[in-house]
Amino acid sequence: MDVRLVSNGEVEDRGVDELQKLLEGQDGFVWVDIPAGDEEAVHVLSEVFRFHPMAVKDAVERNRLPKMHAYHDHVFVVLHAPEIGKYGHVHYIELDQFVGVRYLVTVHGPINPAVHPDVALRETRAVLQRIQAGRLRPATPSQLSHAIVTVLTREQEDFIETMTKDVWQLEQRLTGGNVGDPEKYLDELFRARHGLLAVRTMGAQSCAIYHSMTTLTGISTEGRQLVADNAQQFDRVRDLADGEMEYLHGVIEFYQTVLSVKSTLLGQAQNEKVQQLTESSKKISAWAAIIFAPTLIGTVYGMNFDSMPELHWVIGYPLALLAMVLVSIGLYLLFRRRKWL
């Protein structure tokens with residue numbers, strides 16, 4: 001836990017044991033940065049600052065949605081920043097703030113074990129470096145909170161920039177005919193969509209929270225202006241994510257059209273092949289029938305039964321031959337009329 005006194009645009013590290021005295025003083029304001037919600041953090045939040053038990057519980061436990069609670073002397077805010085993980089998973093990096101008149105308490109986490117602990121501290125560290133370098137001189141906790149939230153919204157925009165790069169590469173592969181494995185390509189498309197949807201949700205929900213904070217009566221005019229500026233930043237994040245999601249949706253529709261056309265052409269080719277096979281089968285069956293008729297007659301007369309009366313007729317065999325020819329010609333004409341031959 002880091003206890004700092006911010007005075008005259010400069011920051012000075014102090015000990016936890018000095019916290020109560022610093023809060024009672026009149027010099028500058030106090031910034032307490034808590035990297036994790038451990039027992040010491042619970043003690044400081046509950047016994048030193050005397051925050052509401054529900055707010056303390058929210059600060060040390062994981063919150064899946066942004067939230068804001070206004071109390072008589074401070075405002076409690078929960079925000080999230082995105083962090084890309086394995087297989088396209090988006091980690092929600094939580095940052096909680098207690099913004100009072102003479103203090104700002106920032107609480108980080110909890111975070112997924114797969115995320116490096118330093119990731120949770122990047123907003124406050126970036127602002128601390130700016131103060132130490134003289135590029136930022138916050139005079140009130142509201143100004144410091146505004147600077148931290150501004151860093152968070154920039155991280156959300158950077159995340160959208162990363163997702164946009166992936167979307168452009170996917171679009172280039174599609175238009176260049178270098179999609180590769182269709183299943184893998186679809187997986188990449190929907191992972192990109194998931195990332196944009198996640199950061200869009202963060203921006204939209206945070207924007208709604210900060211818009212509602214502008215209506216609070218306990219905030220100063222300057223503080224209300226800073227809150228409104230943060231609300232506009234979150235609104236911009238939402239608009240950027242919406243634009244990229246619409247572009248990605250066009251890429252997905254384009255790919256679905258390509259797959260549909262390929263499927264239609266493949267189906268037509270298969271139907272043509274089936275029709276060719278069917279026509280061939282008809283021709284084979286027709287010729288088999290033409291040949292079978294005389295073969296049947298010839299087979300019967302080739303048995304040489306003595307009891308057959310046709311054997312004693314002068315024209316018996318000629319009639320059989322004539323029957324073979326007439327049946328064959330009749331079948332041939334029939335199949336030709338039906339266009340089987």
Side-chain angles (χ1 to χ4, degrees), residues 1-52 55-63 71 73-81 83 93-111 115-155 219-220 222-223 226-227 229-230:
M1 180 184 304
D2 297 317
V3 177
R4 306 182 181 105
L5 176 64
V6 183
S7 178
N8 298 322
E10 297 181 354
V11 61
E12 180 183 350
D13 291 332
R14 295 295 186 90
V16 179
D17 55 340
E18 301 179 73
L19 183 54
Q20 186 65 54
K21 183 179 179 180
L22 292 172
L23 291 173
E24 295 172 355
Q26 299 297 322
D27 184 21
F29 66 91
V30 179
W31 177 16
V32 179
D33 193 27
I34 302 176
D38 52 18
E39 293 182 1
E40 182 184 27
V42 173
H43 173 76
V44 169
L45 296 175
S46 303
E47 303 300 329
V48 179
F49 287 96
R50 299 186 181 279
F51 292 138
H52 193 282
V56 175
K57 180 176 181 294
D58 286 338
V60 298
E61 294 184 357
R62 185 174 185 179
N63 296 278
Y71 299 91
D73 61 345
H74 68 277
V75 176
F76 174 63
V77 184
V78 176
L79 298 174
H80 296 99
E83 176 68 16
I93 309 302
E94 184 173 335
L95 174 63
D96 305 334
Q97 298 179 89
F98 294 88
V99 187
V101 177
R102 288 203 62 254
Y103 59 81
L104 172 66
V105 181
T106 49
V107 185
H108 305 273
I111 61 174
V115 180
H116 195 281
D118 289 344
V119 173
L121 306 175
R122 57 192 176 188
E123 295 90 4
T124 53
R125 283 183 176 176
V127 172
L128 177 61
Q129 290 172 0
R130 291 181 60 196
I131 297 175
Q132 292 173 338
R135 299 193 303 271
L136 177 66
R137 300 175 63 87
T140 64
S142 295
Q143 292 179 5
L144 180 58
S145 174
H146 173 267
I148 293 173
V149 175
T150 298
V151 174
L152 186 144
T153 57
R154 288 176 180 172
E155 290 172 355
I219 300 180
S220 64
E222 179 197 30
L226 295 174
V227 168
D229 183 66
N230 285 142

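Side chain of S145 to backbone of P141: no donor-acceptor contact under 3.5 angstrom is found. A donor-acceptor pair is defined here as one N or O able to donate and one able to accept, closer than 3.5 Å; such a pair exists between the side chain of R102 and the backbone of G28. The backbone N or O of N63 lies less than 3.5 Å from a partner atom in the side chain of E94, making a donor-acceptor pair.
Each of L144, T140, V32 was checked for a side-chain contact (heavy atoms from CB on, under 4.5 Å) with L104, and the lone residue meeting it is L144. Tested against V127 for a side-chain contact (heavy atoms from CB on, under 4.5 Å), the candidates D33, T150, V149, L136 yield a single pass: L136.
In plain terms, the two heavy atoms of Y71 and A55 that are nearest each other are OH-CB, 3.6 Å. V151 and A126 get closest at one heavy-atom pair: CG1-CB, 4.2 Å. Considering all non-hydrogen atoms of both residues, P117 and I111 come closest at CA-CD1, 3.7 Å. Nearest heavy atoms, V60 versus G37: CG1-CA, 3.8 Å. Scanning all heavy atoms of the two residues, the minimum distance from I34 to A41 falls at CG2-CB, 3.5 Å.
If you take CH2 on W31 and CD1 on I148, they are separated by 4.5 Å, rounding to the nearest 0.5 Å. Interatomic distance, E10 CD to Q132 CD, rounded to the nearest 0.5 Å: 10.5 Å. Atom NE2 of residue H146 and atom CG of residue D229 lie 3.5 Å apart, to the nearest 0.5 angstrom. The distance from atom OG of S46 to atom NE2 of H52, rounded to the nearest 0.5 Å, is 11.5 Å.
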- Task: Decide side chain to side chain contact (heavy atoms under 4.5 Å, CB included) for R4 and L128; before the verdict, give the C-alpha distance in whole Å, the side-chain angles of both, and the deciding distance to 0.1 Å.
- Result: CA-CA 10 Å; R4 306 182 181 105; L128 177 61; 3.4 Å; yes
- Query: What do the steps show when you test F49 against D73 for side chain to side chain contact (heavy atoms under 4.5 Å, CB included), and what is the final call?
  - Reply: CA-CA 11 Å; F49 287 96; D73 61 345; over 6 Å; no
- Task: Apply the test side chain to side chain contact (heavy atoms under 4.5 Å, CB included) to residues D2 and D13: give CA-CA distance (whole Å), side-chain angles for both, the deciding distance (0.1 Å), then the verdict.
- Result: CA-CA 7 Å; D2 297 317; D13 291 332; 5.7 Å; no
- Message: Working note: T106 + E123, criterion side chain to side chain contact (heavy atoms under 4.5 Å, CB included); need CA distance, chi angles, decisive distance, verdict.
- Response: CA-CA 10 Å; T106 49; E123 295 90 4; over 6 Å; no
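Side-chain contact between E83 and R122 is present, with at least one heavy-atom pair separated by less than 4.5 Å. At least one side-chain heavy atom of L95 sits less than 4.5 Å from a side-chain heavy atom of H108. Taking 4.5 Å as the limit, some side-chain heavy atom of L45 sits within range of a side-chain heavy atom of V105. Residues V3 and V44 are not in side-chain contact: their nearest non-hydrogen atoms beyond the backbone lie 4.5 Å or more apart. Using a 4.5 Å heavy-atom threshold, the side chains of L5 and D27 count as touching. The shortest distance between side-chain heavy atoms of Q97 and L79 falls below 4.5 Å.
Ring geometry for H74 against F98 counts as tilted: the plane angle lies between 30° and 60°, on a 0 to 90° scale.
For D118, the CG atom sits in a packed shell: over 12 heavy atoms of surrounding residues, nucleotides or ligands are nearer than 6.0 Å.
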